[in-house]
Amino acid sequence: MSDPSTASIVSTPPATMPTEAGSGAPVDAGLPENARREKPRGLLGDAWRDLRRKPLFWISAVLILIFVLMAAFPSLFTSGDPVNGALANSRVEPSADAWFGYDVQGRDVYARTIYGARASIVVALISTIGTLLIGGAIGMIAGYAGGWVDALLSRFADIFFGLPFVLGAIVILTTFNGAESSNTEWQIMGLVIMSLVVLSWPVVMRLMRSSVLATKEADYIVAARALGAGHGRIILKHLLPNCLAPLLVYGTIMVGSFIGAEATLSFLGIGLKTPVVSWGIMISEAQNYIRVSPFLLFFPSAFLVTAVLSFVMLGEAVREALDPKLR
């Protein structure tokens, strides 16, 4: 009797599958039950199977879930007022009444830390989505079209590559969000998001372009083109699903990077501003009291570092799961 075929190992044969000559039993009769029931998996299925086995993935995912809940429902974690305070409580140290103490204006640091997650995470998530959409679309067009279109879009992206991030953000934010501006909370957040997207999309564009260039001459793309598939179908049905893996990894890491970038801009006084509550603003306000009241700096910094590391660890876990060479 010959060995079972590979197809019989990864799929369950129908009841009418013929048996081997003279055996009277299905070809997978000698296999374990779980092997006979296992179905073929794609790239995402294999990645999810690997991710479930990584403690790093679960630790980072739980931390990210906590931060997302803090941003969406801060009242679940605190009933304090993050905006108003009493000067009589100025720089009172942590206690049972105020776990993280009070800041210079007598506001509850714990409440401000919890509510600060909303601005930081919202800015980072929307900036990441915008960067992936704009950079991914331009990279797809450049890589698929090639020729003068690719050269033109690549040189246009090089212009933004030449802009230093901090300098470009200073120019944009001081122009539209200067000290004399009267922008609302959401307008301030929108300007910060715009500056992050404008200065970051070329990286995603080059990443998508390289993925498309490596994929568009594959056999299944050539076969689809020979069968008469249009450009839209080739891009949406074949190219895009096979080029998303690098963007998913980079996008996850980018969220953590944007959280740190927003805090940096707010610390410099050109990012988010009052009445917005964010970790960067809290760190900026605490810089003059590091020696006498270090808790004002420690708690928002600890939350900021933990959030950034959570997204970076998740991105690293996803990268290892999607890269066949690292399995």
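Start at 1 with the first residue, then count along the sequence.
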Task: salt bridge (Lys or Arg N to Asp or Glu O under 4.0 Å) involving R206 - partner list, sequence neighbours excluded - done: D158
- [ ] Decide side chain to side chain contact (heavy atoms under 4.5 Å, CB included) for S200 and F258; before the verdict, give the C-alpha distance in whole Å, the side-chain angles of both, and the deciding distance to 0.1 Å.
- [x] CA-CA 10 Å; S200 302; F258 280 161; 3.4 Å; yes
Open item on the list: Donor-acceptor check, side chain of S266 to backbone of L272, threshold 3.5 angstrom: yes or no?
Closed with: yes
- [ ] Kindly say whether T306 contributes a backbone atom to a donor-acceptor pair with the side chain of S310 at under 3.5 angstrom?
- [x] yes
Task: Student check: side-chain heavy atoms of L191 and I172 closer than 4.5 Å - done: no
Task: Nearest non-hydrogen partners of L304 and A263, listed with the distance - done: CD2-CB, 3.7 Å
TODO: Measure across I259 and A124 and return the closest heavy-atom pair with its distance rounded to 0.1 Å.
DONE: CG1-CB, 3.4 Å
TODO: Look at atom CZ of F165 and say whether more than 12 heavy atoms of other residues, nucleotides or ligands are closer to it than 6.0 Å.
DONE: yes
TODO: Give the intermediate values and the outcome of side chain to side chain contact (heavy atoms under 4.5 Å, CB included) for residues E262 and L265.
DONE: CA-CA 5 Å; E262 178 275 317; L265 296 176; 5.9 Å; no
Open item on the list: With a 4.5 Å cut-off on side-chain heavy-atom distances among I, L, V, M, F, W and Y, is there a chain of contacts connecting L56 to L248?
Closed with: no
- [ ] Would you indicate whether the side-chain heavy atoms of L268 and V166 approach each other to under 4.5 Å?
- [x] yes
- [ ] Ignoring hydrogens and angles, tell me if any N or O in the side chain of S195 forms a donor-acceptor pair with the backbone of V192 under 3.5 Å.
- [x] yes
Task: same_hphob_cluster(L309, V68) at 4.5 Å side-chain heavy-atom cutoff - done: no
Open item on the list: Within the structure provided, determine whether E285 and R107 are in side-chain contact (heavy-atom separation under 4.5 Å).
Closed with: yes
Task: Plane angle bin for F67 and F303 - parallel if under 30°, tilted between 30 and 60°, otherwise perpendicular - done: perpendicular
Open item on the list: Donor-acceptor pair, distance only, cut-off 3.5 Å: does the side chain of S210 make one with the backbone of L207?
Closed with: yes
Open item on the list: Is the shortest side-chain heavy-atom distance between P94 and F299 below 4.5 Å?
Closed with: yes
Open item on the list: I need the W201 CH2 to S127 OG distance, nearest 0.5 Å.
Closed with: 16.0 Å
Open item on the list: Within the structure provided, determine whether V203 and F161 are in side-chain contact (heavy-atom separation under 4.5 Å).
Closed with: yes
Task: Check: S60 side chain, F57 main-chain N or O, donor-acceptor pair, under 3.5 Å - done: yes
- [ ] Over all heavy atoms of both residues, which pair between M254 and L132 is shortest? Give the atoms and the distance, please.
- [x] CE-CD2, 4.2 Å
Task: L133 with V197, same ILVMFWY side-chain cluster at under 4.5 Å - done: no
TODO: Kindly work out whether a path of hydrophobic side-chain contacts (I/L/V/M/F/W/Y, heavy atoms less than 4.5 Å apart) joins V305 to F311.
DONE: no
Open item on the list: side chain to side chain contact (heavy atoms under 4.5 Å, CB included) for Y102 and L296? Distances and angles first, verdict last.
Closed with: CA-CA 8 Å; Y102 295 93; L296 297 178; over 6 Å; no
Open item on the list: Please report the interatomic distance CE(M70) to OG(S75), rounded to the nearest 0.5 Å.
Closed with: 12.0 Å
TODO: Kindly say whether the aromatic ring centers of F160 and F156 come within a distance under 6.0 Å.
DONE: yes
TODO: Please answer whether the main-chain N or O of T113 pairs with a side-chain N or O of W279 as donor and acceptor at a distance below 3.5 Å.
DONE: yes
Task: L173 side, atom CG; L196 side, atom CG - distance, nearest 0.5 Å - done: 8.0 Å
TODO: Measure the spacing between CD1 of I290 and CD1 of I283 and express it to the nearest 0.5 Å.
DONE: 10.0 Å
Task: Y115 vs T78 side-chain heavy atoms within contact, under 4.5 Å - done: yes
- [ ] Identify the heavy atoms of A169 and L199 that sit nearest to each other, and give their distance.
- [x] N-CD1, 3.4 Å
- [ ] Decide side chain to side chain contact (heavy atoms under 4.5 Å, CB included) for F77 and Y110; before the verdict, give the C-alpha distance in whole Å, the side-chain angles of both, and the deciding distance to 0.1 Å.
- [x] CA-CA 9 Å; F77 298 86; Y110 174 72; 4.0 Å; yes
Task: Spacing of OG1 belonging to T175 relative to CD1 belonging to I270, to within rounding of 0.5 Å - done: 10.5 Å
TODO: Could you tell me which non-hydrogen atom of L240 sits nearest to which non-hydrogen atom of M208, and how far apart they are?
DONE: CD1-CE, 4.3 Å
Task: Heavy-atom pair with the smallest gap, counting every atom of A157 and M205 - done: CB-SD, 3.9 Å
Open item on the list: Distance alone, cut at 3.5 Å: any donor-acceptor contact between the side chains of E93 and S293?
Closed with: no
Task: Exam field: side chain W58 to backbone P55, donor-acceptor pair closer than 3.5 Å - done: no
- [ ] Supply the atom-to-atom distance L314 CG to T252 OG1, rounded to the nearest 0.5 angstrom.
- [x] 5.0 Å
Task: F298 atom CZ, over 12 foreign heavy atoms within 6.0 Å - done: no
Open item on the list: With clusters defined by side-chain heavy atoms of hydrophobic residues (ILVMFWY) lying less than 4.5 Å apart, directly or transitively, does L65 cluster with I121?
Closed with: yes
- [ ] Without swapping roles, check the side chain of R118 against the backbone of A71 for a donor-acceptor pair under 3.5 Å.
- [x] yes
TODO: Please answer whether the main-chain N or O of G116 pairs with a side-chain N or O of S120 as donor and acceptor at a distance below 3.5 Å.
DONE: yes
